[in-house]
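Notes follow the structure.
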Amino acid sequence: MHSADLSAGIRSHDAPRSGPRRGKSVALVVVATTLLAGCSGSVTAGAPTGPTWVERWSDTWTGYFDGWLAPLASPGWAMLILAAVALIVARLLAFVPIMWRGRTSLATVNQFKGWGLALILTGSVAVVAFAGGGWALRLLAAVGTLAVLAGIAGCARGLATDRKISVQVRDDAGQPAESRTRNVMVLLTELGGSRPEGLHFAIGSDVDVLTDSSLSGVVPGKVPAVLQAVWAFVFGTAPWRLSVDATSRDNLAVSMTRHGRQVDAAAINREDLGLSRVEGGGAVDLDKFVAAFALMALAERYTDLEGLAGTASWRALGLHYVASTDFHGDDTDARAIALLSHAVEVDPGSHPASLMLQYRQHRYGTEFEELRRYADWLSSEASHLEQEHSPAPTSPWWSRAEGAPGRVRGVPVSADFALHYQRVLLNYVITVENLVSIPVRESDPSTTPEVSRAKERALELVRLIDAGRGEEGNQKREFSLLERQMLPVAATGYVALGGSQDLAEISGRIKEAGLSASPWGRYGLACMYYAQSREQTNETRKAELRDLAFQNLEYAMIAERLLRFVWKDPMLIELHSDPRFQKLARIPRTDFWDLEPLTSYRKQLAALGIRSPLHLSTFEGTRAELSDHLGASRLHTGVLLDVSELANRTEVLSLLPWADLLLSKYKVELVSALLSEGILSTAELGRLSEQERDLLIAKVFRSLDQGFQYERFDFLRVAGWVDSLVP
């Protein structure tokens with residue numbers, strides 16, 4: 001429309017209006033229209049002749065959509081819907097009992113889920129793509145249909161046999177206990193998911209297939225718990241459900257369900273488990289038995305839960321778990337033996353519990369017959385494992401020669417018993433070492449077959465561990481920490497028993513033992529050097545070997561268990577008189593002349609016929625004469641007389657019929673502890689106030705308890721000793 005026409009239209013529109021006001025409006029409209037027309041003209045004159053980038057991008061997207069996406073819209077949605085329906089059917093089939101019967105491994109579960117999903121997706125594409133074609137394409141569609149069905153079955157099997165567990169613990173009020181739930185999850189992971197531990201016996205179990213991702217706790221709160229249950233039902237993230245009702249501190253009710261169906265249930269009672277009859281049993285965490293219950297339920301359904309070594313009862317597993325953790329120290333032997341005896345009674349087939357029981361009862365024995373019985377049991381156990389628990393044959397029965405044993409060559413026992421078997425061999429080698437080292441029976445001809453058999457077992461153990469290392473691609477698998485501990489002990493045991501035919505194979509292990517950070521490896525090396533020194537006739541070489549033995553013993557004493565055992569080890573009895581051994585083994589001194597004030601003058605006093613503190617305290621000469629003979633000051637001579645009087649009183653008290661036997665053993669160490677606190681005589685002890693004496697008793701007790709931790713001194717007993725010395 002031209003500006004003139006527009007002005008005319010405006011005028012006709014405003015015809016009824018009149019006056020100056022109407023004239024101003026018309027003028028403004030004319031000016032605005034003129035300006036707009038000018039701007040429009042200038043923009044049109046400066047615009048580019050081609051399309052803009054926005055128009056080009058729009059045209060490209062329109063062409064891509066029309067040429068590629070639009071034709072696939074209908075088939076693509078069909079494929080997705082078909083795959084989704086197949087997955088839903090697979091999820092529902094997972095609840096059918098036939099889909100989760102039988103035992104499976106983790107690798108099999110993952111293969112079922114992975115291949116099932118792949119077949120569903122591939123089959124869905126084939127069905128949609130080829131269903132409307134000719135007979136050849138329809139044949140491919142039929143194959144796709146079979147692939148979808150196979151994928152449904154495989155995926156359903158994988159979802160049904162998954163090992164993920166949902167854990168929920170409720171308190172006595174029926175409310176979810178979040179801290180207890182986490183505790184059960186941690187214990188279950190520790191029992192069934194941590195690396196095998198325990199050089200001489202299993203700590204808990206050797207099962208190591210569970211991971212943190214396998215466990216999930218039920219969140220507290222009604223709404224979150226419902227949402228979590230719906231999620232688990234739809235997606236099948238946790239087919240297993242472990243429920244625990246803590247009815248009281250000493251009673252738990254546990255149940256295990258799989259896809260909503262109960263698999264097992266039990267009541268965990270402290271009295272029934274024998275814990276209430278054991279000192280300290282009231283403090284045992286019953287959640288450890290919950291973990292044992294869950295692990296045994298899983299072991300019955302999965303083939304790769306190896307490491308239980310014949311254990312079939314959750315009660316036996318739980319008792320062994322507690323004995324090897326809560327009552328692991330030597331001071332709790334009686335309690336551990338009581339629990340392990342009950343475990344073996346409940347489940348005679350639990351080989352780990354039987355081994356630990358025998359270890360606790362006989363490992364630290366020093367009598368020949370006791371060690372002989374222990375060695376016989378270990379030898380019989382090894383033979384039983386080889387005969388009754390050999391691995392399944394790798395070839396079918398019809399391809400083997402008649403009468404051929406059905407076992408894998410080079411592998412003596414099945415994987416479930418492998419670590420237990422290695423521990424049995426290791427204990428056997430160590431026990432025979434101690435057996436033949438007992439001084440009164442070391443040349444007993446009846447031990448000759450034992451020594452020969454132990455050497456064979458030691459060499460077999462080294463080769464088993466080396467063979468288990470295997471090959472992974474171009475690199476060998478690294479030894480586990482447990483294998484690194486076993487190897488040097490077995491190798492040094494072979495040499496200590498006189499093995500010499502395979503030293504080329506063993507020498508490398510001996511060098512590794514010298515560099516090992518394991519106290520047990522270094523202890524075995526010390527025993528080996530000492531055994532070699534006993535066979536040496538060259539005194540120089542004998543001294544060198546003993547020096548090497550002491551160097552390794554000094555390092556091995558960082559292990560508390562070795563520190564408690566070294567002075568009882570039959571193999572090292574002849575070293576007890578060596579001051580170096582007494583220092584590192586912390587053997588209590590039995591001669592008062594070893595006390596610091598007296599030991600410097602022992603020879604001079606012996607020349608006067610003074611051979612005990614009693615003789616010194618009753619010396620008939622004057623103090624001046626004694627000082628002149630000793631070449632000491634009169635003040636120092638007085639100290640010697642006071643110390644001898646204190647030692648003499650202590651010895652008299654230790655010899656009384658009602659005296660404490662422990663005082664007889666530690667009488668010198670008691671006087672030494674008093675001297676270190678500045679008490680040089682019984683008179684000084686009597687002048688102390690009650691408060692000062694209590695402080696002194698506390699210091700003496702601490703000195704004895706820290707110096708000889710394996711005795712576990714009682715404070716009141718030590719207080720009675722000190723009070724008895726007061727004149």
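Side chains included, hydrogens not; waters and symmetry mates left out as well; all remaining heavy atoms used.
- Between the Y555 side chain and the A517 main chain, a donor and an acceptor come within less than 3.5 Å of each other.
- When only modelled atom types and interatomic distance are considered, D376 and S379 share no side-chain donor-acceptor pair under 3.5 Å.
- Remark: the backbone N or O of M571 is paired with a side-chain donor or acceptor of D569 at under 3.5 angstrom.
- A salt bridge links R423 with D206: the closest approach of a Lys/Arg side-chain nitrogen to an acidic carboxylate oxygen falls below 4.0 angstrom.
- In this structure, the side chains of H362 and L371 stay at 4.5 Å or more apart for every pair of heavy atoms.
- Look at D272 and R315 and you find no salt bridge, because none of the NZ, NE, NH1 or NH2 atoms lies under 4.0 Å from a carboxylate O.
- Judged by distance alone, the side chain of R335 and the main-chain N or O of A323 form no donor-acceptor pair under 3.5 Å.
- Considering CG of N427 and CZ of R457, their distance stands at 13.0 Å, rounded to 0.5 Å.
- No close placement of the Y374 and Y428 rings is indicated, their centers lying 6.0 Å or farther apart.
- One distance of note links CG of L252 with CG of D245; it measures 9.0 Å at 0.5 Å rounding.
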* Does the side-chain hydrogen bond (donor to acceptor under 3.5 Å, both in side chains) test come out yes or no for Y421 and E386, once each step is laid out? -> CA-CA 9 Å; Y421 177 69; E386 293 166 354; 2.4 Å; yes
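- Residue E460 places its CD atom among more than 12 non-hydrogen atoms of other residues, nucleotides or ligands, all under 6.0 Å distant.
- Contact check for Y529 versus T492: no side-chain heavy atoms found under the 4.5 Å cut-off.
- Heavy-atom neighbours of E300 CD from other residues, nucleotides or ligands within 6.0 Å: above the threshold of 12.
- Classification of R373 and E370 as a salt-bridged pair fails, no side-chain N sitting under 4.0 Å from a carboxylate O.
- Closest approach of H420 to A309, counting heavy atoms only: CB-CB, 4.0 Å.
- At least one side-chain heavy atom of H351 sits under 4.5 Å from a side-chain heavy atom of H389.
- A salt bridge is absent between R522 and E554; no separation between the charged side-chain nitrogens and carboxylate oxygens falls under 4.0 Å.
- Residues S255 and R241 fail the side-chain proximity criterion, which asks for heavy atoms closer than 4.5 Å.
- When the ring-ring contact (aromatic ring centres under 6.0 Å, His included) test is applied to F289, no partner is found at least two apart in sequence or on another chain.
- Salt-bridge formation is detected for the pair D547/R580: a Lys NZ or Arg NE/NH1/NH2 atom is positioned less than 4.0 Å from an Asp or Glu carboxylate oxygen.
- Distance alone, capped at 3.5 Å, places no donor-acceptor pair between the D285 side chain and the K288 backbone.
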* side chain to side chain contact (heavy atoms under 4.5 Å, CB included) evaluation trace for L562 with M557 -> CA-CA 6 Å; L562 286 173; M557 292 303 99; 4.3 Å; yes
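- Looking at heavy atoms from C-beta onward, S350 lies out of side-chain contact with V344 at the 4.5 angstrom threshold.
- With a 4.5 Å cut-off on side-chain heavy atoms, L704 and E669 count as touching.
- The line from CD of E574 to CZ of R546 is 7.0 Å long, rounded to the nearest 0.5 Å.
- Looking only at distances, a side-chain donor or acceptor of S324 sits under 3.5 Å from a matching main-chain atom of G204.
- A distance of 6.0 Å separates CG in L295 from CG in L305, rounded to the nearest 0.5 Å.
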Can you give each donor-acceptor pair under 3.5 Å made by side-chain atoms of residues 190-203, sequence neighbours left out, with the distance rounded to 0.1 Å?
unit_1	atom_1	unit_2	atom_2	d
E190	OE2	Y321	OH	2.3
S194	OG	E190	O	2.5

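- Using modelled atom types and a 3.5 Å distance limit, the side chains of S243 and Q168 yield no donor-acceptor pair.
- Below 30°, between 30° and 60°, or above 60°: for W314 and F293 the angle between ring planes is above 60°, a perpendicular geometry.
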* Which is it for L273 and L339 under the side chain to side chain contact (heavy atoms under 4.5 Å, CB included) test, yes or no, and what are the steps along the way? -> CA-CA 8 Å; L273 294 170; L339 295 181; over 6 Å; no
* **side chain to side chain contact (heavy atoms under 4.5 Å, CB included) between E367 and R372, intermediate numbers included** => CA-CA 9 Å; E367 298 295 330; R372 183 61 177 269; over 6 Å; no
* To do: Output, in order, the C-alpha distance, side-chain angles, deciding distance and verdict of side chain to side chain contact (heavy atoms under 4.5 Å, CB included) for V169 and V290.
  => CA-CA 10 Å; V169 181; V290 175; over 6 Å; no
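- Note that the CG atom of L461 and the CD atom of E456 stand 13.5 Å from one another [nearest 0.5 Å].
- At least one donor-acceptor pair closer than 3.5 Å links the side chain of R270 to the backbone N or O of G281.
- Taking CE of M356 as the start and CD1 of I337 as the end, the distance is 9.5 Å to the nearest 0.5 Å.
- One N or O on the side chain of D416 and one on the backbone of G307 form a donor-acceptor pair closer than 3.5 Å.
- Of all heavy-atom pairs between D347 and A312, the closest is OD2-N, 2.7 Å.
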